[in-house]
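Since this is a predicted model, take the numbers as computed values, not measurements. The analysis underlying the following values was restricted to heavy atoms, covering all of them including side chains, and did not include hydrogens, waters or symmetry mates. Whatever order the structure lists them in is the order used to number ligands and atoms, beginning at 1.
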Amino acid sequence: MRILITGGAGFLGSHLCDRFLADGHTVIAMDNLITGSAANIAHLAGHERFRFIKHDVTDYIYVEGALDAILHFASPASPVDYLELPIQTLKVGALGTHKALGLARATGARFLLASTSEVYGDPQIHPQPESYYGHVNPIGPRGVYDEAKRFAEAMTMAYHRSHGVATRIVRIFNTYGPRMRLRDGRVVPNFIQQALRGEPLTVYGDGAQTRSFQYVDDLVEGITRLLWSDEVEPVNIGNPAESTVLAFAEAINALTGNPAGVVFRDLRTRDDPQVRQPDIARARRVLGWQPQIDLAEGLRRTIPWFRDALRRRGELA
Ligand code: UDP
């Protein structure tokens with residue numbers, strides 16, 4: 001198969017490139033490198049079935065030759081990033097999704113949209129099943145991301161219904177692993193770097209808000225199964241093991257032997273969802289998927305990557 005991955009130089013996109021190449025496919029990664037990084041795909045340079053195109057997918061997308069699948073992963077995804085890049089975030093979710101769907105229609109490729117648990121907003125139903133319509137503030141700080149992804153889902157379903165495009169929608173819950181940007185501001189990179197430097201971990205608010213963290217390899221497996229399935233309805237892919245942010249900080253301090261504890265920081269400007277946990281009954285049923293890697297194992301695979309990255313930058317002895 002010949003597969004296009006938009007956002008292919010990002011955290012998730014680059015792991016998908018690796019997976020589809022390992023499965024024997026040809027992969028074209030497209031990225032404008034605003035939040036993606038060439039370093040994430042540097043190891044693929046020269047691979048005979050891999051190609052990189054630097055392009056902003058909010059502009060008309062042209063790819064030579066046939067395509068069997070398009071995975072649309074281009075977007076800022078960290079709250080810090082999309083607060084800094086609100087218009088780009090809206091454009092890539094809206095215009096970028098439209099362009100990528102147009103290419104899918106023209107080439108007959110199947111299309112998979114990277115959607116998000118943020119479509120549920122600050123949820124009033126817990127855990128969140130795909131049937132929940134969500135509780136989103138359109139004009140709040142997160143609205144640029146949440147509404148862009150909600151629009152992207154609507155556009156995807158419109159192309160499916162009006163043009164018969166074979167579409168898939170994955171709603172991705174908090175995911176971590178190697179290749180997260182050191183400065184992307186999300187909780188996993190922040191906490192791991194703080195712990196490795198022996199600094200206190202910055203817990204926002206009182207740390208009672210919850211998240212459910214999945215290791216990137218579990219997500220990649222779920223996305224691969226969804227892409228080759230017939231499921232048109234959105235599918236949550238996440239690890240239901242829920243934890244408060246404070247308990248998560250304590251787990252990282254314990255794993256790294258960091259004696260510096262935590263400090264509490266003001267949360268008010270973030271518009272943070274108070275709870276988040278995926279209901280994965282649909283993924284279990286239609287994909288036979290469930291996460292395999294627990295938090296301790298996932299962190300054991302992630303922390304050494306951050307240690308190496310900090311050492312390469314001369315920021316850690
Ligand atoms: N968080 C924190 N300290 C940090 C960064 C994040 O306590 O240094 C909290 C944040 O307030 C949120 C959770 O960790 O409740 C996850 O934040 P993240 O930015 O990773 O993604 P979100 O799930 O909010 O999209």
Side-chain angles (χ1 to χ4, degrees), residues 10-12 35 75-86 89 93 114-123 126-128 134-137 140-150 170-216 219 236-253 256 258 260-278 295 298-299 302-303 306 310:
F11 163 47
L12 299 182
T35 59
S75 178
S78 156
V80 170
D81 288 335
Y82 56 74
L83 293 179
E84 269 172 28
L85 304 165
T89 301
S115 186
T116 168
S117 56
E118 282 282 329
V119 301
Y120 303 123
D122 189 9
H126 193 67
Q128 295 80 53
H135 181 231
V136 170
N137 175 4
R142 286 175 185 249
V144 293
Y145 185 66
D146 302 8
E147 297 295 3
K149 290 292 188 182
R150 289 168 68 95
V170 56
R171 291 187 179 150
I172 300 169
F173 284 66
N174 293 66
T175 304
Y176 68 94
R179 300 187 196 153
M180 294 188 93
R181 253 167 55 242
L182 296 177
R183 306 265 179 284
D184 99 347
R186 278 183 284 194
V187 68
V188 173
N190 277 8
F191 281 4
I192 291 179
Q193 289 175 84
Q194 290 159 349
L196 291 175
R197 292 195 175 103
E199 297 165 2
L201 274 48
T202 53
V203 171
Y204 298 161
D206 60 5
Q209 70 274 29
T210 70
R211 294 293 185 271
S212 308
F213 295 99
Q214 76 179 324
Y215 186 66
V216 62
L219 173 68
N236 289 339
I237 298 288
N239 190 325
E242 184 183 14
S243 147
T244 65
V245 168
L246 185 57
F248 185 61
E250 283 161 355
I252 290 185
N253 276 339
T256 53
N258 179 23
V262 303
V263 284
F264 294 94
R265 294 265 185 271
D266 188 10
L267 178 73
R268 271 169 303 180
T269 53
R270 278 184 48 108
D271 212 13
D272 249 42
Q274 278 308 297
V275 292
R276 184 180 289 155
Q277 184 193 28
L295 186 64
L299 288 174
T302 305
I303 291 169
F306 276 96
L310 287 173

- Indicate yes or no: at least one non-hydrogen side-chain atom of R181 is less than 4.5 angstrom from one of S78. no
- Are any of the heavy atoms in R142 under 4.0 Å away from ligand 1? yes
- Query: Can you find a pair of side-chain heavy atoms, one from I192 and one from I252, that are under 4.5 Å apart?
  - Reply: yes
- Query: Side chain, backbone, both or neither: which part of L201 comes within less than 4.0 Å of ligand 1 when only heavy atoms are counted?
  - Reply: neither
- Which residue and non-hydrogen atom of the protein lie closest to atom 17 (O) of ligand 1, and at what distance in Å? R270 NH2, 3.3 Å
- Task: With heavy atoms of V203 as the reference, note each atom of ligand 1 found under 4.0 Å away.
- Result: 7 (O)
- Item | Close-contact set for ligand 1 against L267 heavy atoms, below 4.0 Å | 11 (O)
- Side chain, backbone, both or neither: which part of V80 comes within less than 4.0 Å of ligand 1 when only heavy atoms are counted? neither
- Numbered in order shown, the ligand 1 atoms found under 4.0 Å of a heavy atom of R276 are 22 (P), 23 (O), 25 (O)
- Item | R186, portion touching ligand 1 at heavy-atom distance under 4.0 Å | both
- Query: If you count the atoms of ligand 1 from 1 in the order shown, which ones are under 4.0 Å from a heavy atom of N190?
  - Reply: 4 (C), 5 (C), 8 (O)
- Query: Which one of D266, V187, L267, V245 satisfies the side chain to side chain contact (heavy atoms under 4.5 Å, CB included) criterion with Y204?
  - Reply: L267
- Is ligand 1 less than 4.0 angstrom away from at least one heavy atom of F248? no
- Message: Over 60° means perpendicular and under 30° means parallel, so tell me whether Y176 and Y215 are parallel, tilted or perpendicular.
- Response: perpendicular
- Any S75 side-chain heavy atom under 4.5 Å of Y145 side chain: yes
- Q214 (side chain) donor-acceptor with N174 (main chain) under 3.5 angstrom: no
- To the nearest 0.1 Å, how far is atom 20 (O) of ligand 1 from its closest protein heavy atom, and which atom is that? V187 N, 2.8 Å
- Message: Which option wins on minimum heavy-atom distance to atom 11 (O) of ligand 1: D81, D272, V275?
- Response: D272
- Indicate whether the side chain of S212 and that of E242 have a donor and an acceptor atom separated by less than 3.5 Å. no
- Item | Min heavy-atom dist Q194 to ligand 1 below 4.0 Å | no
- Task: Give the residue, atom name and distance (to 0.1 Å) of the protein heavy atom nearest atom 23 (O) of ligand 1.
- Result: R211 NE, 2.6 Å
- Task: Determine whether the side chain, the backbone, both or neither of E118 has a heavy atom under 4.0 Å from any heavy atom of ligand 1.
- Result: side chain
- Query: Of all the atoms in ligand 1, which lie at a distance below 4.0 Å from a heavy atom belonging to N174?
  - Reply: 21 (O), 22 (P), 23 (O)
- Can you figure out which of F213, Y176, Y204 has its heavy atom closest to atom 2 (C) of ligand 1? Y204
- Message: Do the side chains of R142 and E118 get close enough for a salt bridge, i.e. N-O under 4.0 angstrom?
- Response: yes
- Task: Answer with yes or no whether the side chains of Q194 and T202 bring together a donor and an acceptor at under 3.5 Å.
- Result: yes
- Nearest heavy-atom pair of T244 and A208: which atoms, and what distance? CG2-O, 3.8 Å
- So, does N258 use its side chain to make a donor-acceptor pair with the main chain of E199 at under 3.5 Å? yes
- Message: On a heavy-atom basis, I'd like to know which of V245, T202, T175 is closest to atom 3 (N) of ligand 1.
- Response: T202
